[in-house]
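The analysis underlying the following values was restricted to heavy atoms, covering all of them including side chains, and did not include hydrogens, waters or symmetry mates. Count residues from 1 along the sequence.
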Amino acid sequence: MKISIRVENIVKDMGPSHAIQGVSLSLEPGLLHGLIGPEGSGKTTLLRHLIGLLKPNHGRVVYLQDGKPVPFETVRPRMAYMPQLQSLYADLSIGEHLDFFRELYQIPPRAYLQRRKELLAVTRLGPFVNRPAGHLSGGMYKKLGLMCALLQSPNLVLLDEPTTGVDPISRREFWEMLYRLRGEGILVVITTAYMDEAERCDRVHVMERGRLLATGEPKAILKGERVESFEKLFLKYDARTAKK
């Protein structure tokens with residue numbers, strides 16, 4: 001099963017302002033998509049539309065299964081969402097969290113044991129399976145959250161700034177896990193304010209003040225704008241805005 005998403009000219013009002021202003025884009029399976037932008041650019045708001053937590057004032061989000069439009073309810077069981085602020089239980093160990101989510105997702109025992117073994121190996125958290133979540137480092141805590149989201153073997157993974165506050169080594173390991181998911185044909189969507197992470201994505205969707213400024217392959221966007229990095233790209237956008 002391949003899940004893709006098409007966003008069609010959505011607008012979301014938050015009080016007197018537009019949190020999302022006419023955004024349209026396509027998210028394809030087997031690719032790692034990055035929603036890139038500074039704080040307040042609309043990344044999290046857009047992600048919450050994709051997971052069905054918010055409804056647009058105008059426009060729509062179309063879900064496709066193997067290329068055919070389907071209702072949100074059809075793909076919802078195959079989605080995994082990792083919010084920016086996770087709600088893990090400090091007193092429960094890594095293993096106890098996995099057991100809890102097995103019950104929540106109703107995963108058969110044999111399938112669960114295999115999936116648990118795979119995830120502990122990939123995250124390198126096997127030696128710490130009995131450690132309480134409250135005693136984990138920031139990077140280990142984020143990886144536990146991702147494991148809980150991946151336990152049900154989803155076809156679509158939505159991650160809201162998963163590497164914020166994570167040490168460099170854990171960030172690298174986290175990206176290795178994302179590449180592994182992409183290699184399995186899963187649609188991965190990640191939001192980040194780290195400009196260096198934009199170039200690690202297959203497709204980037206550059207946002208600022210609720211608008212989509214550019215979308216495409218990172219190198220192609222930088223080449224088209226004649227800049228060397230996404231930091232310089234946003235400086236260029238800011239300079240354009242200041243002139244208006």
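- Applying the 6.0 Å contact sphere to OH of Tyr89 captures no more than 12 heavy atoms from other residues, nucleotides or ligands.
- With sequence neighbours left out, the side-chain hydrogen bond (donor to acceptor under 3.5 Å, both in side chains) criterion links Thr45 to no other residue.
- The cluster map of Ile, Leu, Val, Met, Phe, Trp and Tyr, joined by side-chain heavy atoms under 4.5 Å apart, puts Ile36 and Val227 in the same cluster.
- Residues in residues 181-197 take part in these salt bridge (charged side-chain N to carboxylate O under 4.0 Å, His left out) pairs, two or more places apart or across chains: Arg171-Asp196, Arg171-Glu197, Arg182-Asp202.
- The heavy-atom pair separating Ile221 from Gly216 by the smallest distance is CD1-N, 3.6 Å.
- One hydrophobic cluster, built from ILVMFWY side chains closer than 4.5 Å, cannot hold both Tyr105 and Met1; they sit in different ones.
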Exercise for review: Take Ser153 and Arg115, measure what side-chain contact (heavy atoms from CB on, under 4.5 Å) needs, and give me the verdict at the end.
Suggested key: CA-CA 8 Å; Ser153 301; Arg115 187 64 172 165; 3.5 Å; yes
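- Here salt bridge (charged side-chain N to carboxylate O under 4.0 Å, His left out) pairs that include residues 132-143, with residues two or more places apart or in two chains, are Lys143-Glu173.
- Shortest non-hydrogen contact noted between Met147 and Ile94 is CE-CG2, 3.8 Å.
- Between Lys2 and Pro29, the shortest heavy-atom distance links the atoms CB-CG, 4.0 Å.
- Minimum heavy-atom separation, Pro154 to Ile186: O-CD1, 3.5 Å.
- In this structure, the side-chain hydrogen bond (donor to acceptor under 3.5 Å, both in side chains) partners of Asn155, at least two apart in sequence or on a different chain, are Arg78.
- Checked against salt bridge (charged side-chain N to carboxylate O under 4.0 Å, His left out), Lys236 has the following partners two or more places apart in sequence or in another chain: Glu225.
- Aromatic ring orientation, Phe234 versus Tyr237: perpendicular (interplanar angle above 60°, classes split at 30° and 60°).
- Applying the ring pair (Phe, Tyr, Trp, His ring centres under 6.0 Å) test to His205 and every residue at least two apart in sequence or in another chain returns His33.
- With sequence neighbours excluded, the residues satisfying side-chain hydrogen bond (donor to acceptor under 3.5 Å, both in side chains) with Gln114 are Glu118.
- Here Tyr81 pairs with nothing under the ring pair (Phe, Tyr, Trp, His ring centres under 6.0 Å) rule; sequence neighbours left out.
- Counting all heavy atoms, side chain and backbone alike, Leu35 lies closest to Lys43 at O-CD, 3.2 Å.
- Annotation for Leu31: hydrophobic cluster partners, listed by chain and number, are none (ILVMFWY side-chain heavy atoms under 4.5 Å, direct or chained).
- Residues Val188 and Tyr63 do not share a hydrophobic cluster, clusters being chains of Ile/Leu/Val/Met/Phe/Trp/Tyr side chains in contact below 4.5 Å.
- Within a 6.0 Å radius of CG in Asp91, no more than 12 heavy atoms belonging to other residues, nucleotides or ligands are found.
- No side-chain heavy atom of Leu136 sits less than 4.5 Å from a side-chain heavy atom of Leu125.
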List, one per line, each side-chain donor-acceptor pair under 3.5 Å for residues 53-61, sequence neighbours excluded.
{"unit_1": "Asn57", "atom_1": "OD1", "unit_2": "Asp13", "atom_2": "N", "d": "2.5"}
{"unit_1": "Arg60", "atom_1": "NE", "unit_2": "Glu8", "atom_2": "OE1", "d": "2.6"}
{"unit_1": "Arg60", "atom_1": "NH2", "unit_2": "Glu8", "atom_2": "OE1", "d": "3.3"}

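- The salt bridge (charged side-chain N to carboxylate O under 4.0 Å, His left out) contacts involving residues 102-112 comprise nothing, where partners must be two or more places apart or lie in separate chains.
- Annotation: side chain of Ile5 is not in contact with side chain of Val75 (no heavy-atom distance under 4.5 Å).
- For Glu39, the salt bridge (charged side-chain N to carboxylate O under 4.0 Å, His left out) test picks out no residue, with sequence neighbours left out.
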Exercise for review: Walk me through it: do Leu25 and Leu46 pass the test side-chain contact (heavy atoms from CB on, under 4.5 Å)?
Suggested key: CA-CA 11 Å; Leu25 53 84; Leu46 179 57; 4.1 Å; yes
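- Residue Arg209 qualifies as open at atom CZ: its count of foreign heavy atoms under 6.0 Å is 12 or below.
- Taking every heavy atom of both residues into account, Gly145 and Met82 meet most closely at C-SD, 4.2 Å.
- With hydrogens and angles disregarded, no donor-acceptor distance shorter than 3.5 Å links the side chain of Ser26 to the backbone of Arg6.
- Within the 4.5 Å cutoff, no side-chain heavy atoms of Val7 are placed close to those of Ser24.
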